[in-house]
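Quick notes on the structure that follows.
All values below come from the heavy atoms of this structure, side chains included, with hydrogens, waters and symmetry mates left out. Here is how names work: the chains are called A, B, and so on, in the same order as the sequence lines, proteins then strands, and each is numbered from 1.
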Amino acid sequence: MTSETERRFRNDLLEWGRKNRREYSWREPDRTLYEVFVAEFFLTQTPADNVETVYSEFLGQFPSLDEIVEASEDELAEAIEPLGFQNMRASALKQIASSHDHLPTEPELLMELPRVGRYVANATLCFARGDRLPVLDRNVERVYSRVFRDTWPESEAEQFAFTERLVPDEARAYNLALLDFGALICQTEPLCEQCFANEYCIYFRELEE
DNA sequence: AAGACGGGGAG
DNA sequence: CTCCCAGTCTT
């Protein structure tokens with residue numbers, strides 16, 4: 001069951017995203033599953049601009065899992081050094097490439113890989129293939145907990161169910177817009193005056209009381 | 001469900 | 001230096 005407000009938010013967000021989506025290398029059309037995975041794997045706990053500085057060069061040096069198998073952990077760590085967490089990430093990439101010829105396309109199988117949780121798995125499959133999966137990080141949680149303050153659940157499992165229900169068929173556009181909206185408008189200090197949802201956002205309504 | 005982890009960044 | 005943070009891992 002989808003409420004009128006949920007439907008409205010979904011449409012407003014998609015429209016906002018068409019005009020305000022941010023451009024990043026990994027969002028270019030025809031990126032492979034591997035290329036998108038690399039980006040999402042690097043983007044956790046790392047600012048996007050930071051990832052941009054190493055992304056293209058990394059893909060040039062390691063265009064597929066095959067090249068990662070051949071590389072040493074030190075070589076990998078050196079290539080991603082500016083990102084931080086380089087040893088942890090190099091080790092995980094090495095383990096992934098050593099055990100897989102290709103990345104799986106089921107979220108549960110992706111999540112079996114080291115350092116790949118629900119966020120990276122769903123984001124990778126949604127952004128690379130358009131799979132209709134919920135993408136839920138702290139930014140998204142902040143957005144939903146404000147706009148739908150009265151119905152947004154406490155538990156993680158219920159939050160995923162809530163989010164899954166809202167994701168439309170245009171999952172890629174929707175989830176990208178959701179992340180950008182959380183980063184640009186619904187920030188920790190939100191810019192409610194310029195927010196499209198300020199007519200029905202519960203957080204904003206309570207602010208005004 | 002709660003805390004640990006590893007390490008970056010702000011103050 | 002201390003505190004906070006975000007996603008994953010561990011219990």
Side-chain angles (χ1 to χ4, degrees), chain A residues 22 24 26-27 33-55 57-58 65 68 72-100 103-128 131 133-148 151-164 166-167 171-172 174-191 203:
Chain A
R22 296 177 296 178
Y24 292 114
W26 47 90
R27 292 185 177 185
L33 183 64
Y34 169 76
E35 290 168 341
V36 174
F37 171 78
V38 166
E40 293 304 330
F41 190 75
F42 290 166
L43 282 166
T44 61
Q45 292 145 305
T46 308
D49 292 345
N50 218 343
V51 176
E52 281 284 17
T53 66
V54 307
Y55 185 67
E57 200 176 338
F58 183 89
L65 291 178
I68 291 184
S72 71
E73 273 189 39
D74 286 348
E75 286 170 328
L76 287 167
E78 190 180 350
I80 60 180
E81 192 273 331
L83 303 181
F85 301 95
Q86 58 279 100
N87 294 323
M88 218 174 59
R89 293 201 246 223
S91 162
L93 283 175
K94 194 80 175 115
Q95 287 179 58
I96 291 168
S98 305
S99 55
H100 291 76
L103 294 170
T105 54
E106 288 295 321
E108 283 69 24
L109 295 178
L110 262 185
M111 285 173 63
E112 290 177 8
L113 308 183
R115 311 302 309 175
V116 177
R118 180 139 258 142
Y119 172 81
V120 170
N122 284 7
T124 298
L125 293 174
C126 178
F127 298 149
D131 292 358
L133 294 166
V135 170
L136 181 54
D137 69 357
R138 289 291 208 273
N139 293 301
V140 173
E141 184 185 359
R142 186 176 61 248
V143 171
Y144 282 140
S145 68
R146 282 175 178 159
V147 179
F148 304 113
T151 46
W152 181 244
E154 297 274 315
S155 86
E156 189 186 310
E158 286 178 290
Q159 290 178 357
F160 268 97
F162 187 104
T163 308
E164 190 165 43
L166 251 66
V167 179
R172 184 176 190 273
Y174 179 85
N175 281 325
L176 287 176
L178 196 52
L179 294 176
D180 289 351
F181 176 66
L184 298 175
I185 303 294
C186 201
Q187 309 164 353
T188 308
E189 287 298 324
L191 309 177
Y203 171 86

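When distances run from any side-chain atom of Val120(A) to the nucleotides dA1(B), dT8(C), dG8(B), the shortest one goes to dT8(C).
Atom CZ in Phe37(A) sits about 16 Å away from atom P in dG7(C), given to the nearest Å. Atom CE in Met88(A) sits roughly 11 Å away from atom C1' in dA6(C) (whole-Å rounding). Atom pair Asp49(A):CG and dG9(B):C1' shows a separation of 15 Å (rounding to whole Å applied). As a whole-Å value, the separation of Phe42(A) CZ from dA6(C) C1' is 17 Å. At whole-Å resolution of the value, CD in Glu141(A) and P in dT8(C) are 13 Å apart. To the nearest angstrom, C1' of dC9(C) lies 15 Å from CZ of Arg118(A). For Glu189(A) and dC5(C), the CD to P distance is 13 Å, given to the nearest whole Å. Put simply, CD on Glu40(A) is 15 Å from C1' on dT8(C), counting in whole angstrom units.
Take the nearest nucleotide of DNA chain C for Pro114(A) and for Phe85(A): the residue whose nucleotide is more 5' is Phe85(A). Heavy-atom nearest nucleotides on DNA chain C were determined for Val116(A) and for Arg142(A), and the one closer to the 5' end corresponds to Arg142(A). Residue Gln45(A) is the one, among Gln45(A) and Asn50(A), whose nearest nucleotide of DNA chain B lies closer to the 5' end (criterion: closest heavy atom).
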Please evaluate residues Arg89(A) and Thr46(A) with respect to the criterion side-chain contact (heavy atoms from CB on, under 4.5 Å), reporting the C-alpha separation (whole Å), side-chain torsions for both, the decisive distance (0.1 Å), and the verdict. CA-CA 12 Å; Arg89(A) 293 201 246 223; Thr46(A) 308; 2.8 Å; yes

Derivation and outcome, side-chain contact (heavy atoms from CB on, under 4.5 Å), residues Arg22(A) and Leu184(A): CA-CA 10 Å; Arg22(A) 296 177 296 178; Leu184(A) 298 175; 4.1 Å; yes

Kindly determine whether Val167(A) and Asn175(A) satisfy side-chain contact (heavy atoms from CB on, under 4.5 Å), including the steps that lead there. CA-CA 8 Å; Val167(A) 179; Asn175(A) 281 325; 4.3 Å; yes

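Between Glu141(A) and Arg146(A) there is no salt bridge, since no side-chain nitrogen of the basic residue lies less than 4.0 Å from a carboxylate oxygen of the acidic one.
Here Asp137(A) lies in heavy-atom contact (under 4.0 Å) with sugar-phosphate atoms only. Residue-level contact check: Thr46(A) touches neither bases nor backbone, having no heavy atom under 4.0 Å from any strand.
Side-chain rings of Tyr55(A) and Tyr24(A) stay apart, their centers remaining 6.0 Å or farther from each other.
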